[in-house]
Amino acid sequence: ALDTATPVESMALVQGQLALADQRVRRPRRRGTALGMALHELLLSADRLPAHLAAIAVGVGPGAFTGLRVGIATAQGMARALGIPLYTFDSTLGLACAVDFGDADVAVVIDARRDEIYSAIYAPRGEDALPARCRPTTIESPARFALAARAHREQRGRPLLVVGDGALLHAESIGAALGEGAVRFHAQPAGPALAAIAADAGRRFRSGEPGAIQSAQPVYLRDHDASRARGVGQP
């Protein structure tokens, strides 16, 4: 599994439920050849070759435009060359997997700039399953997120653990809107944790689920700045 939606490039390699390699590195925007070399090095660290792969999972965003394009194109190229299925996942899921839920639900809040955030809310599942998404990933203002998070907490009757760089940037306003004791802020994790997501891709492969090489597309949730400047996609 790999995700390049954020400045933290994350990869994981699993065999069944056994994590063979897990790498999270903060990097500048990279070219596809550099990412391909990093993937090759990850495989070598576990004494594996590309030919040993049965399936690939790639994060499709939301996130940085360049990072997403490079990550998805690299995953598509590998899947085509190896003749294996490619599965996709929401990039907020990796950050949800990086924290211990405890008795709380988890809200992933990522800075989207322009005083906006990407947000999603997850509930825990069993030890061998991925967190369940309770609220779709959305781009919105911190104030709008706080209202939705408050409604979610009141409905669920559980504390809300908030994680992500957007949570740290807007901690004061989010905390004030949700109320004391209703929200906890998690220190920023090293990056998305993908081992459980890679293991889930293996489950999807064994169940016979077809891949999505052609349909794997970036999820931006808003137009690129250059497109907005040219009026692309605007009425």
Side-chain angles (χ1 to χ4, degrees), residues 3-10 24 26-30 58-72 88-99 104-123 131-156 159-179 182-193 216-235:
D3 189 13
T4 55
T6 73
V8 178
E9 177 185 271
S10 300
R24 282 168 270 181
R26 181 171 291 276
R27 301 187 191 275
R29 294 177 178 179
R30 311 187 72 189
V58 63
V60 293
F65 284 70
T66 299
L68 284 175
R69 287 196 298 267
V70 169
I72 293 172
T88 62
F89 61 91
D90 191 302
S91 293
T92 60
L93 179 60
L95 281 174
C97 290
V99 300
D105 288 346
V106 167
V108 177
V109 181
I110 301 171
D111 180 33
R113 301 184 179 179
R114 303 182 195 154
D115 201 29
E116 291 180 317
I117 56 174
Y118 301 120
S119 68
I121 300 179
Y122 290 88
R133 192 166 57 182
C134 302
R135 183 173 184 257
T137 303
T138 305
I139 186 169
E140 59 194 344
S141 68
R144 190 175 183 87
F145 161 75
L147 290 175
R150 182 171 182 172
H152 172 87
R153 185 191 63 80
E154 291 174 349
Q155 180 183 18
R156 292 271 293 171
L160 195 62
L161 180 62
V162 188
V163 62
D165 58 358
L168 299 181
L169 285 171
H170 303 285
E172 185 174 348
S173 60
I174 292 173
L178 287 172
V183 61
R184 306 169 190 160
F185 291 93
H186 190 286
Q188 179 72 354
Q217 297 295 328
V219 176
Y220 295 134
L221 297 184
R222 72 178 175 202
D223 292 335
H224 190 285
D225 287 342
S227 298
R228 294 166 69 96
R230 292 193 304 266
V232 176
Q234 295 181 8

(request) Run the numbers on Val108 and Tyr118 for side chain to side chain contact (heavy atoms under 4.5 Å, CB included), then give the verdict. (result) CA-CA 8 Å; Val108 177; Tyr118 301 120; over 6 Å; no
(message) Between Ser91 and Asp3, does the side chain to side chain donor-acceptor pair (under 3.5 Å) criterion hold? Intermediate values first, please.
(response) CA-CA 7 Å; Ser91 293; Asp3 189 13; 3.1 Å; yes
(message) Could you go through Leu93 and Tyr122, starting from their C-alpha distance and side-chain angles, then the distance that decides it, and tell me whether this counts as side chain to side chain contact (heavy atoms under 4.5 Å, CB included)?
(response) CA-CA 8 Å; Leu93 179 60; Tyr122 290 88; 3.7 Å; yes
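Of all the heavy atoms in Ser10 and Gly191, the pair that sits closest is OG-C, 4.3 Å. Nearest approach of Asp111 to Glu116, heavy atoms of both residues: OD1-O, 3.7 Å. Scanning both residues, Ala123 and Cys134, for their nearest heavy atoms gives CB-SG, 3.5 Å.
Between Pro192 and Cys97 the shortest side-chain heavy-atom distance does not fall below 4.5 Å. Pro159 places none of its side-chain heavy atoms less than 4.5 Å from the side chain of Arg153. A heavy-atom distance below 4.5 Å is found between the side chains of Leu68 and Tyr220. A heavy-atom distance below 4.5 Å is not found between the side chains of Val60 and Gln217.
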If you look only at distance, which donor and acceptor atoms sit under 3.5 Å apart when one is on a side chain in residues 138-150 and the other is two or more places apart or in another chain?
from	atom 1	to	atom 2	distance (Å)
Thr138	OG1	Pro136	O	3.0
Glu140	OE1	Arg135	NH2	2.9
Glu140	OE2	Ser119	OG	2.5
Glu140	OE2	Arg135	NH1	2.9
Glu140	OE2	Arg135	NH2	3.4
Ser141	OG	Arg144	N	3.1
Arg150	NE	Glu154	OE2	3.4
Arg150	NH1	Ala177	O	3.3

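Here the CD1-CG distance, from Ile110 to Asp165, works out to 7.0 Å after rounding to the nearest 0.5 Å. Atom CG in Leu95 sits 7.0 Å away from atom OG1 in Thr6 (nearest 0.5 Å).
Remark: of the listed residues Leu160, Val106, Val162, Val109, Leu160 is the sole one forming a side-chain contact (heavy atoms from CB on, under 4.5 Å) with Ile121.
Under the side-chain hydrogen bond (donor to acceptor under 3.5 Å, both in side chains) criterion, His170 pairs with no residue at all, not counting sequence neighbours. Looking at residues two or more places apart in sequence or on another chain, you find a side-chain hydrogen bond (donor to acceptor under 3.5 Å, both in side chains) between Asp90 and Thr92, Arg133, Thr137. Ala216 is linked by a side-chain contact (heavy atoms from CB on, under 4.5 Å) to Ile72, Gln76, Leu86, Thr88, counting only residues two or more places apart in sequence or in another chain.
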